[in-house]
Amino acid sequence: MIKIAILASGAGSNALRIMEHFAESPLARVVLLGSDNPSAGALDHARRMGVPTVVWTRADFAGGSAPLADLRATGADYLVLAGFLRLVPLNVIEAYRDRIVNIHPALLPAYGGKGMYGNRVHEAVIAAGESESGITIHRVNERYDDGAVIAQFRCPVLPDDTPATLATRIHTLEHRRFPETIEKDIKNLKKI
Ligand code: GRF
């Protein structure tokens, strides 16, 4: 049984889909929802699902030891960033190398990097006149949106799209594809 920890800063709709997907799975279970934002909706979803939660402060991240200690205490084998806006501490990346995945709401390497998150991504895609966007699920390293791509899924950008309508289409794609991509990825994983 692979133990998954999810890190999320915001509403947590992806985190919820992942917790639901693995709730009855013989393969994996979500054992922790960690956040840097005490009012993240993701924390409420986790509490309702009976998944333990932890909130890390800015000081916790600066020190770097609290997040890693909490992840180790739960026995987490695999980390999922689902709308997590902070850079993961280096000691966590080193401890979980090749075992951390992130989802980005565009087709990387385009529209990624520091500051490219949320509606800013969709605004940039629309401003550039793209006819297609999508999602990228990739491994996490020391740099924003830079690790190896695991999977990409595409969707159209329609002529009358606003950042909000495009965001809705992207979210639907994420909810469908992120849990199944994680499942495929952890089938090849050994326990730590
Ligand atoms: C998603 O669009 C994801 O691609 C990005 O952050 C958003 C999180 O949404 N990294 P939610 O909190 O899962 O609803």
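Excluded from the calculations below are hydrogen atoms, water molecules and symmetry mates; all remaining heavy atoms, backbone and side chain alike, are included. This one's a predicted model, so the numbers in the text were calculated from it and none came from an experiment. Order of listing sets the numbers, starting from 1, for every ligand and every atom in it. This chain uses plain numbering: 1 for the first residue, then up along the sequence.
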### Summary
Tested for side chain to side chain contact (heavy atoms under 4.5 Å, CB included) against Ile170, the lone hit among Val157, Ile135, Thr165 is Ile135
### Task
Quick one: list whatever passes side-chain contact (heavy atoms from CB on, under 4.5 Å) with Leu81, sequence neighbours left out.
Leu7, Phe84, Val88, Ile100, Asn102, Val140
### Task
Taking only Lys NZ, Arg NE, NH1 and NH2, and the carboxylate oxygens of Asp or Glu, determine whether Arg139 and Asp185 approach each other closer than 4.0 Å.
yes
### Query
Of the protein's non-hydrogen atoms, which lies at the shortest distance from atom 12 (O) of ligand 1, and what is that distance?
Gly12 N, 2.7 Å
#### Entry: Arg29 side-chain N/O to Ile4 backbone N/O, donor-acceptor pair under 3.5 Å
no
### Task
Would you indicate whether the side-chain heavy atoms of Lys3 and Leu32 approach each other to under 4.5 Å?
no
### Query
Are any of the N/O atoms in Ala15 less than 3.5 Å from those in ligand 1?
no
### Message
What protein heavy atom lies closest to atom 14 (O) of ligand 1? Include the residue and the distance to one decimal.
### Response
Ser13 OG, 2.5 Å
### Nitrogen or oxygen of Asn14 less than 3.5 angstrom from that of ligand 1
yes
### Closest protein heavy atom (residue, atom, distance) for atom 10 (N) of ligand 1
Ile103 O, 2.9 Å
### Task
May I ask you to decide whether Glu180 forms a salt bridge with Arg176, counting only side-chain N to carboxylate O separations under 4.0 Å?
no
### Query
Among protein heavy atoms, which sits nearest to atom 9 (O) of ligand 1, and what does the distance come to when rounded to 0.1 Å?
His171 NE2, 3.1 Å
### Task
Do me a favour and list the nearest non-hydrogen protein atom to atom 8 (C) of ligand 1 with residue, atom name and distance?
Gly83 CA, 3.7 Å
### Query
For ligand 1, is Ala8 a contact, meaning one of its heavy atoms is under 4.0 Å away?
no
### Message
When you measure from the side chain of His104 to the backbone of Tyr111, do you find a donor-acceptor pair of N or O atoms at a distance under 3.5 Å?
### Response
yes
#### Entry: Heavy-atom nearest neighbour in the protein, as seen from atom 3 (C) of ligand 1, with distance rounded to 0.1 Å
Glu174 OE2, 3.2 Å
